[in-house]
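See structure below.
Predicted, not measured: the structure shown is a model, and the values here were computed from it.
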Number of protein chains: 2
Amino acid sequence: MRKTVQDMVDPSTEEKIKSSARIVFHQKGYAATRTRDIAEAAGINLALLNYYFRSKEKLFDLIMLETMQQFMQNAMFIMNDATSVLDQKIQLLVNNYIDLLIAEPDIPLFIMSEIKRDPQQLLSRMGLKDGFMQSALVRQLEERAAHYGTTHFKHPLQFLMNLLGLTVFPFIANPLLRGISKVSQSKFNEMMLERKKLIPIWIETMLAHS
Amino acid sequence: MRKTVQDMVDPSTEEKIKSSARIVFHQKGYAATRTRDIAEAAGINLALLNYYFRSKEKLFDLIMLETMQQFMQNAMFIMNDATSVLDQKIQLLVNNYIDLLIAEPDIPLFIMSEIKRDPQQLLSRMGLKDGFMQSALVRQLEERAAHYGTTHFKHPLQFLMNLLGLTVFPFIANPLLRGISKVSQSKFNEMMLERKKLIPIWIETMLAHS
DNA sequence: GTCTATATACGGATAGAC
DNA sequence: GTCTATCCGTATATAGAC
């Protein structure tokens with residue numbers, strides 16, 4: 001299962017199928033994806049897909065799991081890092097998501113859509129049972145609230161909604177936003193890079209006005 | 001086509017199909033929806049669906065159009081209202097969306113997913129060609145920036161991203177957010193009502209720190 | 001491992017009786 | 001207008017040759 005240098009220049013059939021499946025599933029979602037599309041994108045025959053992965057469902061589960069990890073793993077690490085302070089965590093989270101989503105803009109809509117299809121899979125198959133609420137980030141939020149003597153956020157989830165709403169939402173709404181504002185894709189990406197600087201400032205000011 | 005009082009107590013077959021189609025399409029999206037599901041939900045036979053609406057595609061187009069209007073119409077009106085000032089518009093927009101989405105939480109993810117499938121439909125079939133960028137809201141944003149002598153937002157779209165991100169995103173991410181925070185649906189709705197008060201304050205402070 | 005050919009199921013749509 | 005029965009294309013999955 002270890003990926004070798006050889007695999008990168010001459011990826012195995014299994015890898016070719018998986019990376020094609022990733023792209024197609026991310027773009028179209030589970031229901032709209034046809035296994036034939038994946039096979040074609042991978043340049044192999046349809047039968048091979050079933051030979052390696054048994055079924056569309058099994059292949060999808062694999063992609064879904066990996067994508068969820070890709071989306072949550074770094075963020076969870078940042079949130080749980082005891083060595084960084086709150087301000088640093090905010091900047092790191094924003095940078096992390098904006099860089100990731102400029103590279104792979106389909107991920108958030110894919111995740112939100114597919115989690116909605118089967119919310120159980122989230123809670124069970126992922127290791128994100130109680131990652132957020134027990135994180136160092138939440139502890140630091142509460143310390144800060146206590147120190148300033150204000151309630152700040154009644155619930156840490158309000159903070160997370162703000163952070164992800166400002167950072168992730170634009171990628172989800174990309175076609176709508178660009179449609180009503182006539183902004184090009186490259187201009188859109190520029191604006192998201194601008195937001196790397198802006199969002200941490202905004203979040204700070206919001207923390208002081210809750 | 002006028003909806004009568006009689007239709008509400010004893011809706012026509014056509015209306016029953018349409019309202020069922022709305023629910024199922026919103027929940028599952030176009031690809032995952034089977035016309036048989038809609039027929040069953042409407043308590044009628046599958047053949048009737050095609051009798052009234054010719055095809056799944058035609059029925060969907062109708063629902064999509066109505067849903068887009070429902071999502072944009074009030075917002076566009078508020079944005080274009082020359083009689084209200086910026087602060088009022090912000091509060092009205094936030095109230096409008098939070099009330100709407102507590103009642104119909106599936107709408108945003110539905111719209112974002114289906115627009116991505118076919119972004120053209122947005123630009124053409126909707127009347128939202130240049131509604132936002134020419135709105136009174138944008139004009140007032142620019143006036144405010146000029147008055148304070150700051151650049152504020154380099155682009156009005158940054159403002160819209162913030163407003164919708166803070167307001168609409170939580171509904172899109174609902175299953176994920178509740179999954180990682182163990183918050184009930186009713187608690188979630190409470191938090192969204194809280195945000196009616198919070199978001200306008202936050203947006204104001206953000207306007208001052210750009 | 002990889003292909004062609006095919007079995008099987010499902011979903012959209014229509015025919016035709018009432 | 002509404003139903004039952006059915007047609008037919010499409011999509012997943014497998015059989016079996018190479």
Side-chain angles (χ1 to χ4, degrees), chain A residues 1-4 6-65 110 113-114 117-118 121, chain B residues 1-4 6-65 110 113-114 117-118 121:
Chain A
M1 284 303 160
R2 187 76 180 75
K3 184 183 282 185
T4 66
Q6 186 57 28
D7 287 339
M8 304 186 63
V9 52
D10 177 27
S12 68
T13 300
E14 188 172 349
E15 275 304 322
K16 277 193 293 189
I17 296 173
K18 238 171 74 171
S19 66
S20 297
R22 233 188 104 78
I23 294 169
V24 179
F25 277 137
H26 282 189
Q27 273 187 43
K28 317 217 283 187
Y30 179 79
T33 292
R34 288 163 302 173
T35 50
R36 284 173 161 82
D37 295 341
I38 297 173
E40 191 183 0
I44 54 95
N45 190 277
L46 171 60
L48 267 186
L49 187 149
N50 290 291
Y51 172 76
Y52 279 106
F53 298 97
R54 299 286 302 168
S55 75
K56 176 186 179 182
E57 182 78 32
K58 290 242 185 9
L59 176 53
F60 176 82
D61 287 349
L62 199 68
I63 302 298
M64 179 67 180
L65 190 68
F110 169 79
S113 299
E114 300 303 333
R117 267 204 326 143
D118 182 8
Q121 214 163 33
Chain B
M1 284 303 161
R2 187 77 181 75
K3 185 183 281 185
T4 66
Q6 187 57 27
D7 286 340
M8 303 186 62
V9 53
D10 178 27
S12 68
T13 299
E14 188 173 349
E15 276 304 323
K16 277 192 293 188
I17 297 172
K18 239 172 73 174
S19 66
S20 296
R22 233 188 105 78
I23 295 169
V24 179
F25 277 136
H26 283 190
Q27 272 187 44
K28 318 217 281 189
Y30 179 79
T33 293
R34 288 162 301 172
T35 52
R36 285 173 161 80
D37 296 339
I38 297 174
E40 191 183 0
I44 53 96
N45 189 275
L46 170 59
L48 267 186
L49 187 149
N50 289 292
Y51 172 77
Y52 279 105
F53 297 97
R54 300 285 302 168
S55 75
K56 177 186 180 182
E57 182 77 34
K58 291 242 186 6
L59 176 54
F60 176 82
D61 287 349
L62 199 67
I63 302 298
M64 180 67 179
L65 189 69
F110 170 77
S113 299
E114 300 302 334
R117 265 204 326 142
D118 182 9
Q121 214 163 34

Can you check whether [X] reaches [Y] side chain to side chain, under 4.5 Å on heavy atoms?
X     : Y      : answer
B:K18 : B:F53  : yes
B:I17 : B:L59  : yes
A:F60 : A:E114 : yes

Which nucleotide, [options], lies nearest any side-chain atom of [X]?
X     : options               : value
B:L48 : D:dA15, D:dC3, C:dA13 : D:dC3
A:I44 : C:dG1, C:dC3, C:dG11  : C:dC3
A:A47 : C:dG1, C:dA15, D:dA15 : D:dA15

When you measure from the side-chain N and O atoms of [X] to the phosphate of [N], is any distance below 4.0 Å, counting only OP1 and OP2?
X     : N      : answer
B:T35 : C:dG12 : yes
B:S55 : C:dG12 : no
B:Y52 : D:dG1  : yes
B:N50 : C:dG12 : no

Between [N] ([atom2]) and [X] ([atom1]): distance, integer Å:
X     : N      : atom1 : atom2 : result
B:Y51 : C:dT14 : OH    : C1'   : 14 Å
A:L46 : C:dT2  : CG    : C1'   : 12 Å
B:F60 : C:dG11 : CZ    : P     : 18 Å
B:N45 : C:dA13 : CG    : P     : 14 Å
B:K56 : D:dG9  : NZ    : C1'   : 14 Å
A:I17 : D:dA13 : CD1   : P     : 13 Å
B:R36 : C:dA9  : CZ    : P     : 15 Å

Heavy-atom pair with the smallest gap, counting every atom of [X] and [Y]:
X     : Y     : value
A:A41 : A:V24 : CB-CG2, 4.4 Å
B:I44 : B:L49 : CD1-N, 4.3 Å
B:G29 : B:T33 : O-OG1, 2.6 Å

Classify [X] by what it touches in the nucleic acid, base, sugar-phosphate, or nothing, heavy-atom distance under 4.0 Å.
X     : answer
B:L49 : nothing
A:R54 : sugar-phosphate
A:S12 : nothing

Q. Per the end-axis method with five pairs at each terminus, what is the bend angle of the helix from C:dG1-D:dC18 to C:dC18-D:dG1, to 10°?
A.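 Answer for the end axes of this duplex: 10°.
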
Q.
Can you say whether a donor on the side chain of B:R34 sits under 3.5 Å from an acceptor on the base of C:dG12, or the other way round?
A. no

Q: May I ask you to establish whether A:K56 and A:F25 are in a cation-pi arrangement, using a distance under 6.0 Å from NZ or CZ to the six-membered ring centre and at most 45° from the ring axis?
A: no

